[in-house]
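In each ligand, atom 1 is the first atom listed, and ligand 1 is the first ligand listed. Keep in mind the model is a prediction, meaning the values are calculated, not measured.
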Amino acid sequence: MFYFGVDYYPEHWPEARWPQDARLMAEAGFNVVRMAEFAWSKLEPSPDVYEFGWLDRAIDVLAGHGMRTVLGTPTASPPAWLMAKHPDAFLTRESGRAVTYGNRRNTSPSNEAFRHRTRRIVEEMAGRYHDHPAVIGWQIDNEFGDRDYDAPAFRSWLRGRFGTLDAINERWGTTFWSHTYTDWGQIPVPLSTGGVPNPGLALDFARFCSASYVEYQKMQIDILRERCPRHFITHNLMGFTYDLIDYFDLARDLDIISWDNYPRGFWNIAADVDASAMALGHDTMRGLKRQSFWVMEQQAGAGGWDVVGVTPKPGELRLWAYQAIAHGADGIVFFRWRTARHGTEQYWHGLLGHDGRPGRRYQEAKRMGHEIARIGDDIVGAQVRANVAMMLSYDTRFALQVQPNNPAFSYPAQFHGLYRALHAQQQAIDIVPTDEDLTPYKVVVVPSPYVLTEATAASLERFVEAGGTLLVTPRAGVKDEDNAVVDRPLPGHLARLCGVVVDDHDSLPEGAVNALDLPGVPGAQGRIWCDIVTPQGADVVARYGDDFYAGEAAITVHAFGSGHAVYLGTIGNDVLNEALAARLLEMAGLASGPPSAPGVERSVRWQGDTRLVFYLNHTDREQVVTLDGGDHRALLGEPAADGRLRLAPRDVAVLAAKEG
Ligand code: GAL
């Protein structure tokens, strides 16, 4: 079943209103609600006193109108009594000071008292709802993430990883500045060290923080799995942009991935929304388990806590929700139902306004609800099949947070720049971890594999040897797993594969560029970082145009086995990224997608041998797409007899075609 619904907070509204809400939801074609993820104080008003009656009634009222429930465990927002009783559970921030009560996500996942209270509430909820016919699944907590400056917990995690202090001293190289540790209690959390900490310690601390959320989540999952075997378990993640948790690790214990998609949050009140940024979020989330996912919070209106965000324009809510579906979503849940009257998120607009009246946003969701009721079964379970993969490494991301190398060097921005260029070529793209089997792909792009294991290097070699086309970008192979610099020429373990040695490099001053001499691509520029590359078997494709290394190699291609490894020694501007994307596809024998229209995204899912083609008009003008012939069954949006598809501003079409 395709799940389509809304995040609902019955505890914010008089019970007498619930039936009207449920009726409006049913009229909109909704079939699911998520509830209770912030309702701890209503569920456990005082220690070990549980009150589930109100939630039972809410679930029943909604079920009476056909709604299934996903229950959130409420642990992102502990009640005031809990924190007053256990003040040591408050999270410490980068300042070294603990937060005070008054927001959420304010606890350390390692704190034993908090973990005890967590287990209790989760056990009680699981016991209450394990066989409720309307409950289908669980969302653990809400948007995990932060640092965990719990020094004893960090040390015990280090013991598990390294075993002995000697191993730590050796692998972190603590002789430097006499940091040699002779007792576990001496190891600091890198809080107020007065400057850049030891890179080995800092990377392991980032890994520990990530692992402590993974472990805290696992603690809840174990309880739910045992008591609610019929229910699925998910967590609402935060897409590509969130960078303090290794999402591949967090995903491992979940049944399905869901995430929160806010193209126009209040933190981004820019006029334009970048469709490729949303697409990257979806592809990253699909990549975590290589399966369909849900959007558990799909923007329903303008964002707003203190500042009010730009309101989504007519058609955008539906367009964004269909874009999610085009990239693999099998569930869409809007956040939130009705705009809250109280609390921090008073201005976070729901489908209904404060006054509870259904307006244009509700009507737009309702339109889509009726469409999904008609076409959801055609879509649900359909796969995205990609020939192109981009390798995402959280170890690299963490290590570059510690030492960005250049103030402008941003792993996510570079990753997005390369993704955007491939996405513009209408390629389906999988986002894969460093240990993924690369056999299914024709092109693999590995932005800055800074922390690189020999195993990953060997897997990339196998991929190219077997005929694959690889792109690697600078700061490749610089560090080992302990964040120590390797003792071999760069790009380290990739030097043989890329057929180059990086003899020198230049970290560019702010705003500086180096014009590249790349035949046929005027305007190609290197930015931020320039590796001065010496080919050792590779052919030179582009040379630097400026500075003392003008004429030296900037981009090379190395024929290796039956494939090719491209080394890009700099961070490209858009012109260069676009040219490279086209070139890589060409080298791999992949046609870029059939022509669409400006600002129209074309994305494909496969239901067996049926191709579902989504056309998404991200512009505020009508666009006309000329279809590529063949028989289409229009699920949404009828093409004209002349084979042209007219898409109104922000409109969507879905066409099905049988292959072969
Ligand atoms: C999400 C969060 C929701 C709500 C929303 C709007 O990040 O999961 O609970 O806060 O943002 O601020």
Side-chain angles (χ1 to χ4, degrees), residues 5-13 32-43 70-79 99 102-107 109 137-146 213 217 220 234-245 247 250 254 256-269 273 277-278 281-282 284-285 293-312 316-317 320-321 324 329 331-354 361 365:
V6 75
D7 298 311
Y8 188 44
Y9 299 90
E11 69 273 27
H12 295 176
W13 308 100
V32 70
V33 289
R34 181 198 63 183
M35 293 196 287
E37 84 281 10
F38 294 115
W40 198 339
S41 70
K42 288 279 288 182
L43 295 169
V70 176
L71 283 173
T73 68
T75 47
S77 195
V99 295
N103 206 287
R104 59 177 178 180
R105 290 244 62 83
N106 49 4
T107 44
W138 296 84
Q139 173 189 299
I140 307 279
D141 204 281
N142 189 85
E143 294 187 342
F144 277 127
D146 214 313
Y213 286 98
Q217 174 180 264
Q220 297 201 28
T234 187
H235 170 70
N236 57 334
L237 296 89
M238 291 182 273
F240 173 77
T241 48
Y242 190 71
D243 61 1
L244 297 185
I245 293 183
Y247 271 173
L250 195 70
L254 297 170
I256 57 172
I257 297 301
S258 66
W259 82 287
D260 300 344
N261 183 28
Y262 291 105
R264 284 194 196 273
F266 64 83
W267 49 86
N268 164 23
I269 72 168
V273 173
M278 292 183 278
H282 295 307
T284 307
M285 296 297 99
F293 58 93
W294 284 30
V295 178
M296 194 59 94
E297 297 183 14
Q298 175 64 48
Q299 186 157 6
W305 283 21
D306 45 354
V307 171
V308 178
V310 176
T311 197
E316 279 187 333
L317 303 182
W320 297 336
I332 298 285
V333 184
F334 288 101
F335 181 90
R336 52 187 281 147
W337 175 243
R338 178 171 171 182
T339 315
R341 291 185 52 225
H342 302 101
T344 303
E345 295 185 354
Q346 273 175 330
Y347 294 129
W348 202 283
H349 295 67
L351 289 177
L352 309 192
H354 291 108
R361 298 191 300 275

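Contact check on Arg34 versus Asp7 returns a salt bridge, with a Lys/Arg side-chain nitrogen under 4.0 Å from an Asp/Glu carboxylate oxygen.
Proximity of the aromatic rings of Phe240 and His282 is defined here by a centroid distance below 6.0 angstrom, and this criterion is not met.
Here Asp260 pairs with nothing under the salt bridge (Lys or Arg N to Asp or Glu O under 4.0 Å) rule; sequence neighbours left out. Every residue two or more places apart in sequence or in another chain that forms a ring-ring contact (aromatic ring centres under 6.0 Å, His included) with Tyr262 is listed here: Trp348. Applying the salt bridge (Lys or Arg N to Asp or Glu O under 4.0 Å) test to Asp243 and every residue at least two apart in sequence or in another chain returns nothing.
Under 4.0 Å from any atom of ligand 1, one finds heavy atoms of residues Phe38, Arg104, Asn142, Glu143, Asn236, Asp260, Tyr262, Glu297, Trp305, Phe335, Glu345, Trp348.
The closest donor-acceptor contact from the side chain of His235 to the backbone of Phe144 lies under 3.5 Å.
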